[in-house]
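A quick write-up on the structure given underneath.
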Amino acid sequence: MSEEKSLNFLEEIIETDLKNGKYKQIITRFPPEPNGYLHMGHATSICLNFGLTKKYPGYTNLRFDDTNPVTEETEYVDSIKADIKWLGFEWKHELYASDYFDQLYQFAVTLIKKGLAYVDDSTSEEIATQKGTPTQAGVNSKYRDRSMEENISLFEAMRAGKYKDGEKVLRAKIDMAHTNMLMRDPIIYRIKHAHHHRTGDKWCIYPMYDFAHGQSDSIENITHSICTLEFVPHRELYDWLIEQLNIYPSHQYEFARRNMTYTVMSKRKLLQLVNEKHVSGWDDPRMPTISAMRRRGYTPESIREFCDRVGIAKRENVVDVGLLEFCVREHLNRIALRRMVVLDPVKVVLTNYNDEVEYITSEGNADDVNDSTRAIPFGKELYIEREDFMENPPKKYFRLFPGSMVRLKSAYIIQCNEVIKDAEGNIVELKCTYLPESKSGNDTSGIHVKGTLHWVSAAHAVKIEVRLYDRLFKVEDPSNEEGDFKEYINPDSLQVIPNAYAEPALKDAKFEDRYQFLRKGYFCLDKDSTTDKLIFNRTVTLKDAWAKEQKK
RNA sequence: UGGGUUAUGGUGUAACGGUAGCACUACAGAUUUUGAUUCUGUCUGUCUAGGUUCGAAUCCUAGUAACCCAACCA
């Protein structure tokens, strides 16, 4: 039953820690900075951090890393909370690094008193020069040897607002010749006369990441502080500060960030796409943000499944977006209601059908026992998909062509007899006959056809708008290409079909429902819909063996 | 000319000195009133070179490659 699934490296560490009695429970945290929307990379981290404390005893905090008032906003706080909840996770405590500003200030004072921090008057450029390079040792600042008393009073003056932005900083006193650049007297406090989204104007000095993150972890007794690989060099400083401050020893562990093909996954790049209007906003359905994927019709289940299948490790990776699509198809196939919509219509007239309207029944979802069937109007005039008819079909084409027979889904078998064209030679109508004895459910015709088409009764068709999305970029790894990543944006990533023909049942579409437009893909209602005009987003296409066959 | 991290099929991830497995993809086939779903099968892999060992993806040595580090960002 419970065939054992292998553990990832973090689960191994945790199981060892639990087994050794190092911890009775584990505490993790998800630490977003509220300066942007969450994306699939964050989803990985969320599933990891919250998933770990679902699997093992303990809990996970949500902590906003809000130490830079210039870039952070409440709008982002709200969106982040909504996204985590939507993904299906619950945090134990909602916390903010800014909750700890008083405590962090005291930590800084402690460091100064121990002779391990000093106020530096150097300019930003001077400090950068002092740092040296990865291959050259840095040099000490001329302010490095100020007395403890002087440092204390200068730091108090910084806090009191006596200085302008950039005039002074507080630096840890470690080693300017250290091989780890981060240990070369890192800046731990800077002056920013800026309004903070939570603390308002109480502070004009703010701690840097390195002097906030680890300390916040420690205050919250985080046992496993999980972050991405680029923070590996920070771990030495993280540990050094905890040791010097003699506070609860949280530990940092790093895993490789998640990348996906045909998209970009950095907040900076996503912000550019939004600001430069390459997309309509953070929740444009083509974006890899959680809010965009929600709007597009992805389910939390499918995203969690994706994260689970990909797993975590420490090596660079670019996951095939096809796996994400597989996961969402797998879930949607189970839950989506089947409906028929013709995106690019061509009219079919059944010459031997009378003028009455007949209602045929069809299943909403064959896999769902609770789902009821629905009645669909059928009549003399119908629409089918233009690509489902060819005058001169290639081999293996088993849709409609002159003389051929196909089944109309849940209805009758029809045969094409005549093609009507306009002056320009465009096909405007197909005259067909239907086989009365071939009705679905009691077909006595004895005829087997290879093709089954979706259709909509012309007299009952409901006009809807359909938005088809394709990958946002033309290349697998836009960040790794020559030049700017925006040069590789796919110009055809959005295709709007203003007037698709839908069966009447779709008039009652609900936002929370998922639909499969037969043979066309999975769709959901978009928030731009009005009562006059329903708008549907294509979440993902169906697998298309015919399209593949044609490429050969 | 520094420090750190990582190398397993096309992609992602297992194997913890003992048969290189799983999933996605690709390909072939069966079923199908969705060319969907479902089912079956096939292909492709241990960065390189040495060494230790009865036996190495795993241990040792030497290379190679990729990524990260010089923001008063996180």
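Just so we're on the same page: letters track the sequence lines, and every chain starts at 1.
- Nucleic acid contact class of A:K520 (heavy atoms, under 4.0 Å, all strands): none.
- In a base pair of the Watson-Crick type (N1 to N3 plus N6-O4 or O6-N4) or a G-U wobble (N1-O2 and O6-N3), with each distance short of 3.5 Å, B:rU1 is matched with no nucleotide.
- Residue contacts shown for A:L453 are absent, as no nucleic acid heavy atom lies under 4.0 Å away.
- In this structure, A:W546 forms an aromatic stack with the base of B:rG35, since both conditions hold: centre separation below 5.5 Å and plane angle below 30°.
- Each of B:rG35, B:rA74, B:rU37 was ranked by its minimum atom distance to the side chain of A:R399; first place goes to B:rG35.
- Shown are A:D120, A:D185, A:D121; of these, the side-chain hydrogen bond (donor to acceptor under 3.5 Å, both in side chains) with A:S141 is made only by A:D120.
- Under the Watson-Crick or G-U wobble criterion, with both distances below 3.5 Å, B:rU40 is paired with B:rA28.
- Aromatic rings of A:Y522 and A:F517 (six-membered ring for Trp) have centroids beyond the 6.0 Å cut-off, not under it.
- Nearest to the side-chain atoms of A:L542 among the listed nucleotides B:rA36, B:rA74, B:rU13 stands B:rA36.
- Within 4.0 Å (heavy atoms only), A:L323 reaches sugar-phosphate atoms of the nucleic acid but no base atom.
- Closest to the A:R519 side chain, of the nucleotides B:rG12, B:rU11, B:rG35, is B:rG35.
- Distances shorter than 4.0 Å separate none of the side-chain N or O atoms of A:K450 from OP1 or OP2 on B:rU32.
- When the options A:D388, A:D544, A:T452, A:T541 are evaluated for a side-chain hydrogen bond (donor to acceptor under 3.5 Å, both in side chains) with A:R519, the one that passes is A:D388.
- Nearest to the side-chain atoms of A:T452 among the listed nucleotides B:rA70, B:rG12, B:rU33 stands B:rU33.
- Side-chain N/O atoms of A:R315 include one lying less than 4.0 angstrom from OP1 or OP2 on B:rU13.
- Note: A:Y96 and A:F64 meet the aromatic proximity criterion, with ring centroids under 6.0 Å apart.
- If you check B:rU34, B:rC73, B:rA36 against the side chain of A:K192, the one that comes closest is B:rC73.
- Contact annotation for A:N180: no contact, since no heavy-atom pair falls under 4.0 Å across all strands.
- Residue A:S440 has no polar side-chain atom (N or O) positioned under 4.0 Å from OP1 or OP2 of B:rU33.
- Taking side-chain N and O atoms only, A:R190 has a distance below 4.0 Å to OP1 or OP2 of B:rC73.
- Where A:T71 and A:L229 meet RNA chain B, the nucleotide closest to each residue was compared, and A:L229 sits on the side nearer the 5' end.
- OP1 or OP2 of B:rA74 sits under 4.0 Å from a side-chain N or O of A:T67.
- Nearest nucleotide to the side chain of A:T179, out of B:rU37, B:rU34, B:rG2: B:rG2.
- Side-chain atoms of A:T135 lie closest to B:rG2 of the nucleotides B:rG2, B:rG12, B:rU33.
- The nucleotide B:rU11 finds its pairing partner in B:rA23, both defining distances of the Watson-Crick or G-U wobble pair being shorter than 3.5 Å.
- Of the N and O atoms on the side chains of A:E72 and A:N35, not one donor lies less than 3.5 Å from an acceptor on the other residue.
- Searching all strands for a Watson-Crick or G-U wobble partner of B:rU52 with both distances below 3.5 Å returns nothing.
- Between the side chain of A:R184 and the backbone N or O of A:T133 there is at least one donor-acceptor pair closer than 3.5 Å.
- Contact annotation: A:K131 does not reach the phosphate of B:rA71 (side-chain N/O to OP1 or OP2, under 4.0 Å).
- Straight-line distance between the C1' atoms of B:rA14 and B:rA7: roughly 16 Å, to the nearest whole Å.
- Of the candidates B:rC72, B:rC69, B:rU34, the closest approach to any side-chain atom of A:I187 belongs to B:rC72.
- Salt bridge annotation for A:E387-A:K520: present, with a cationic side-chain nitrogen under 4.0 angstrom from a carboxylate oxygen.
- No contact: A:E236 has no heavy atom under 4.0 Å from any strand.
- The base-pairing partner of B:rU6, taking Watson-Crick or G-U wobble contacts with both distances under 3.5 Å, is B:rA65.
- In this structure, of B:rG35, B:rC72, B:rA26, it is B:rC72 that holds the atom nearest to the side chain of A:M208.
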